[in-house]
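One structure below.
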Amino acid sequence: MKRAVAIYDTTLRDGSQREGISFSVADKLHITRLLDELGIAYIEGGWPGSNPKDAAYFEQVRELNLRHSLITAFGSTRRKGVAPEEDANIRALVDANTPVVTVVGKTSMLHVTDVLQTTAEENLNMIADSLAYLKSLGKEVIYDAEHFFDGAKLDMEYGFDTLAAACEGGADVIVLCDTNGGSTPWEVAEFMYKARELFPEMDFGIHTHNDSELAVANSLAAVRAGAMHVQGTINGYGERCGNANLCSIIPDLILKMDIPCLARDGNLATLTHLSRAVAEIANLAPDTHLPYVGKSAFAHKGGIHVAAMRRNVDSYQHIEPTRVGNRTRVLVSDLSGRGNLLSKAEELGLDVSKDEAVQVLNDIKHLENAGFVFEGAEASVAVRLRRARPNYQPLFNLIDFTVIVEDRRGRGQLAEAMVKLDVDGDVVHTAAEGNGPVNALDLALRKALLPKYPALRDIQLVDYKVRILDSENATGAMTRVLIDSYNGSERWSTVGAGTDIICASWLALVDSVEYGLSVADEKKGQPSLMMSD
């Protein structure tokens with residue numbers, strides 16, 4: 001039977017210590033459900049003695065019908081000179097009413113003398129007494145040996161004495177913690193081997209921080225050295241530089257080391273969704289470059305790479321992305337080859353010839369030289385591929401537009417746009433006022449197109465970015481505009497560029513409307529509006 005490793009998630013406690021994160025009770029319950037669906041063994045809910053929010057979580061989490069995960073309450077050993085049953089922190093752990101408790105204790109003499117301001121012997125008693133009391137109440141007890149690696153380097157004998165005290169107290173698992181994140185994989189492995197040699201009956205775990213960019217490597221080194229329990233957080237969130245990233249560790253264990261670490265009916269394919277959902281709940285932009293789960297983890301830009309992958313998809317991918325719930329993406333830029341365009345067309349369900357792909361590729365390279373960037377504006381690539389088709393029919397043709405910006409006494413600032421379009425042979429002339437020139441253009445364009453294309457009501461402009469490309473040219477600089485749009489289920493980006501910010505914005509607006517209306521028609525099962533029979 002394969003050796004299994006238990007995953008212990010501390011996103012709700014250690015992860016929330018990242019600067020800028022503050023989970024509500026509802027947030028924590030939502031993340032708990034997602035972790036349980038993945039098949040995590042332990043979910044550390046927080047420190048019940050530290051704040052009312054964590055106490056409320058432990059009350060409400062009992063109502064969740066979890067299938068896989070055990071909820072864990074976190075706290076420290078008793079205070080010096082206080083019996084466990086009289087210690088407020090220990091009482092809070094008991095009152096959390098969780099089947100598992102995690103107790104953190106001091107390993108390093110630096111912390112014993114300077115932080116706890118107690119003696120070496122009293123610290124050992126604090127560890128053993130706290131664990132023994134919680135075990136007497138029927139709890140599963142996990143002991144976190146804080147600063148273990150740093151402490152053992154300062155005083156190895158005392159470091160291992162603290163582990164002996166945890167064994168004496170009845171710990172079910174002892175977790176060696178690289179709290180300051182300064183250890184290396186070879187150091188972690190050496191100490192893990194030594195701990196297992198001294199305490200062969202004990203199960204050991206690992207808890208690492210990423211201050212040296214080694215948290216994942218250190219965790220895997222510990223598992224190779226015999227660790228049966230790995231702690232970390234989703235997306236590596238945590239204090240300072242973060243904790244070990246479970247979104248890398250879990251697939252590394254399963255796919256690279258052939259070590260089971262999720263519940264038997266857990267679902268590794270939910271990992272990408274979980275990663276991005278936790279980012280959104282934390283109100284942070286998902287890190288697109290995270291291994292396995294990032295949007296760019298399986299994105300291919302170089303023409304040689306894409307050409308090779310069209311012959312064999314494994315040529316530039318270390319796993320099949322769907323195994324972790326991700327997907328392959330092909331980017332288009334001035335570094336692209338013909339294969340990039342053909343792959344993008346296939347992704348969009350378009351039958352594009354090689355000549356058409358070359359035509360679009362040459363157009364994109366020319367435009368990127370003029371300031372456009374298409375790898376972040378894939379909808380603009382899609383509409384160009386459609387426009388290259390011999391049966392392409394434009395939704396409309398611009399006859400002219402005018403934008404007026406006024407600042408009058410008594411009336412304030414006003415922007416007005418007038419748009420004249422040829423819409424299927426009819427000349428449509430509309431005007432609209434907006435809170436700025438781009439907003440006015442958007443409203444006038446919508447007013448002209450809505451009677452014929454009512455699906456436009458569902459398309460909203462949700463982000464607008466401007467970048468000045470050559471600031472040395474001052475007000476005559478080249479400007480790039482990126483527009484993000486959303487239809488309730490899909491978000492897409494388009495690009496425009498030029499020395500005139502209004503004209504650049506118009507180009508991005510037109511691409512956005514074309515793409516959005518084409519997607520709306522495809523969802524209805526109709527031929528694209530931009531194609532004729």
Side-chain angles (χ1 to χ4, degrees), residues 11 15 18-21 31 34 38 210 213 215-217 232-238 241-252 255 268-303 305-306 309 313 316-336 340 343-344 347-348 364 368 372-382 461-467 480-487 489-495 508 511-512 515 519:
T11 304
R18 169 175 164 147
E19 184 176 3
I21 288 183
I31 293 170
L34 293 170
L38 177 63
N210 205 37
E213 193 66 25
V216 170
T233 63
I234 299 303
N235 300 328
Y237 294 155
C241 304
N243 288 45
N245 185 0
L246 291 179
C247 293
S248 295
I249 290 171
I250 291 170
D252 279 344
L255 303 178
L268 182 62
T270 67
L271 188 65
T272 295
H273 169 70
L274 168 64
S275 165
R276 297 175 188 179
V278 170
E280 294 295 341
I281 293 167
N283 199 29
L284 296 172
D287 185 343
T288 59
H289 294 281
L290 282 181
Y292 290 107
V293 296
K295 185 179 179 181
S296 298
F298 302 97
H300 304 278
K301 180 176 175 180
H305 289 210
V306 175
M309 288 188 64
V313 72
Y316 281 93
Q317 290 186 165
H318 67 112
I319 66 161
E320 166 53 47
T322 57
R323 299 189 72 179
V324 292
N326 211 337
R327 68 182 182 92
T328 299
R329 295 171 56 242
V330 173
L331 306 179
V332 176
S333 75
D334 57 352
L335 299 179
S336 298
N340 296 59
S343 294
K344 180 58 67 177
E347 181 183 322
L348 296 166
I364 285 173
E368 290 223 345
F372 288 69
V373 167
F374 287 92
E375 67 180 79
E378 294 186 335
S380 286
V381 177
L461 189 156
V462 293
D463 201 4
Y464 176 83
K465 303 182 185 76
V466 175
R467 183 177 176 189
R480 179 188 302 144
V481 172
L482 282 171
I483 287 177
D484 284 3
S485 302
Y486 184 64
N487 63 3
S489 60
E490 181 181 350
R491 183 167 175 149
W492 61 91
S493 300
T494 52
V495 64
D511 281 5
S512 175
Y515 180 84
V519 167

At their closest point, which heavy atom of [X] faces which heavy atom of [Y], and how far apart are they?
{"X": "Lys465", "Y": "Asp463", "result": "NZ-OD2, 2.9 Å"}
{"X": "Leu255", "Y": "Ile319", "result": "CD1-CD1, 3.8 Å"}
{"X": "Ser512", "Y": "Ser485", "result": "OG-OG, 2.6 Å"}
{"X": "Asp484", "Y": "Ser493", "result": "OD1-OG, 2.6 Å"}
{"X": "Ser380", "Y": "Val495", "result": "OG-N, 3.0 Å"}

Exercise. Around atom CG of Asn283, are there more than 12 heavy atoms of other residues, nucleotides or ligands at under 6.0 Å?
Worked result: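 Counting neighbours around CG of Asn283, 12 or fewer heavy atoms of other residues, nucleotides or ligands fall under 6.0 Å, so no.
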Exercise. Should the heavy atoms of other residues, nucleotides or ligands under 6.0 Å from CZ of Arg323 be counted, would the total exceed 12?
Worked result: no
For this session: Take the angle between the ring planes of His318 and Phe298 and call it parallel below 30°, perpendicular above 60°, tilted in between.
Result: parallel
Side chains of [X] and [Y], heavy atoms from C-beta outward: is any pair under 4.5 Å?
{"X": "Ile250", "Y": "Leu38", "result": "yes"}
{"X": "His273", "Y": "Leu34", "result": "yes"}
{"X": "Asn245", "Y": "Ile249", "result": "no"}

Seminar exercise, completed: Output for pair (Glu320 CD, Arg327 CZ), nearest 0.5 Å, gives 12.5 Å
Exercise. How long is the span from the CD1 atom in Ile21 to the CG atom in Leu284, to the nearest 0.5 Å?
Worked result: 5.0 Å
Answer yes or no: is there a donor N or O on one side and an acceptor on the other, between the side chain of [X] and the main chain of [Y], under 3.5 Å?
{"X": "Arg276", "Y": "Val293", "value": "yes"}
{"X": "Asn235", "Y": "Tyr237", "value": "no"}
{"X": "Asn210", "Y": "Ala215", "value": "yes"}
{"X": "Thr494", "Y": "Ala508", "value": "yes"}

Problem set entry | Residue pair Ser275, Leu290: steps toward the side-chain contact (heavy atoms from CB on, under 4.5 Å) verdict | CA-CA 10 Å; Ser275 165; Leu290 282 181; 4.2 Å; yes
Exercise. Checking side-chain contact (heavy atoms from CB on, under 4.5 Å) for the pair Ile234/Ile31: CA distance, chi angles, key distance, verdict?
Worked result: CA-CA 10 Å; Ile234 299 303; Ile31 293 170; 5.7 Å; no
For this session: Give the C-alpha distance, both sets of side-chain angles, the deciding distance and a yes or no for side-chain contact (heavy atoms from CB on, under 4.5 Å) between Tyr292 and Asn326.
Result: CA-CA 7 Å; Tyr292 290 107; Asn326 211 337; over 6 Å; no
For this session: Starting from the C-alpha separation in whole Å, work towards a yes-or-no answer on side-chain contact (heavy atoms from CB on, under 4.5 Å) for Tyr515 and Glu378.
Result: CA-CA 10 Å; Tyr515 180 84; Glu378 294 186 335; over 6 Å; no
